[in-house]
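Because only heavy atoms are used, hydrogens play no part in the values below, and waters and symmetry mates are left out as well, while side chains stay in. Heads up: numbering here begins at 1 and tracks the sequence. Indexing begins at 1, ligand by ligand and atom by atom, following the structure's order.
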Amino acid sequence: MEEPYYSFNRYLREKFGEKVHRISIDAGFSCPNLDGTLSKKGCIYCDNKAFSNFAGRNVEISKQIETSISYLAKKSNVKKFILYFQSFTNTYADIETLKERYDIAKRFPEIVGIFISTRPDCIDEEKIKLISSYKEKYLVWLEYGLQTTNDDMLAMLNRRHTYEDFLSAIKITRKYDINTGVHVILGLAQAFSAAIDDVQKIAAFDIHGIKFHVLHVLKDTVLNKLYGSGKVKLLEEDQYVRMVCDFLEKIPKNIVVLRLVSSANPAHLIAPPWINKKNEIILKIKKEFEKRGTCQGYFFAKR
Ligand code: SF4
């Protein structure tokens, strides 16, 4: 079945002519929303240990990379890798520290790309210039956790940044022509009206990729307390499938879908359990598009 959306795998194959794997690492950064600078509580859904294998485990960075490369090379015979600075806030340090950590990529000839995930309020022109300097040798992306364009919702999530912060970050990132990804959460209490508002704004951004996060509840989080007291309702699997299709239909065809469904470590996940049936959900999304006779960008093109 042909993919009705622009998958990350397809994008990487087009760029490199072969399969490329992304390696997620914890480069030892913190987050201003956890270290007390903005707050000590973090975003209400945050538990980095559930998001990635190395998060918060103090494994040396080179060791993380070696372990992942050797495992993936054996498992899938892949020869090229993207280094993904995923855990916590990966631009939250001084320039020297950032350079030292990003430079670790240079020790591994198999690494062909550097992806950096961060908060929109943790970037400035000096950092962007540094990140831009890696473009000569690597495929470089900067991913921003936006989550929603609605400031009330951002406050509810305790993100401690605004939509305006995100707009400033995008502007400076694009000035240096760095590929830009945006993370959004689907399943917030805003339901469809605010989600539609998000889509309309996001469709107009000068961005290259989108990463979907299904709102899910992890054990040691504020969200778990809210969920336990019945104040939060989560999406059912079929609702999510329809919501993703609605979203993708309205954004341009050339925006890469960096991730269609998030997953979580089962040891930390409270609900909903279906997020870890990734392949089934992806198949359902493809079938939903087939049933509708649409695809990513279908309604964007017709505006
Ligand atoms: S910005 Fe990221 S790392 Fe920081 S608290 Fe929020 S989700 Fe966690």
For [X], the ligand 1 atoms whose distance to one of its heavy atoms is below 4.0 Å:
X    : result
G42  : 5 (S)
R119 : 1 (S)
F88  : 3 (S)

### Query
Do I131 and I123 touch side chain to side chain, with heavy atoms closer than 4.5 Å?
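Side chain of I131 against side chain of I123, heavy atoms only: contact under 4.5 Å found.
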### Message
Is it the case that the ring center of F212 lies less than 6.0 angstrom away from the ring center of Y240?
### Response
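No, ring centres 6.0 Å or more apart.
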### Message
Please tell me whether Y84 and W141 form a close aromatic pair, meaning their ring centres lie under 6.0 Å apart.
### Response
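They do not qualify: ring centres at least 6.0 Å apart.
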### Short side-chain donor-acceptor distance under 3.5 Å, N150 and T148
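Not at all, the side chains of T148 and N150 share no donor-acceptor pair under 3.5 Å.
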### Task
Verify whether one side chain among D35 and Y92 offers a donor that lies under 3.5 Å from an acceptor in the other.
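Side chains of D35 and Y92: pair found under 3.5 Å.
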### Message
Between C43 and atom 6 (Fe) of ligand 1, is there a contact where an N/O/S atom of the residue lies under 2.8 Å from the metal?
### Response
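Looking at C43, which is the residue asked about, there is an N, O or S atom under 2.8 Å from atom 6 (Fe) of ligand 1.
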### Task
Between C31 and ligand 1, find which residue part has any heavy-atom pair under 4.0 Å and reply side chain, backbone, both or neither.
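The side chain, only.
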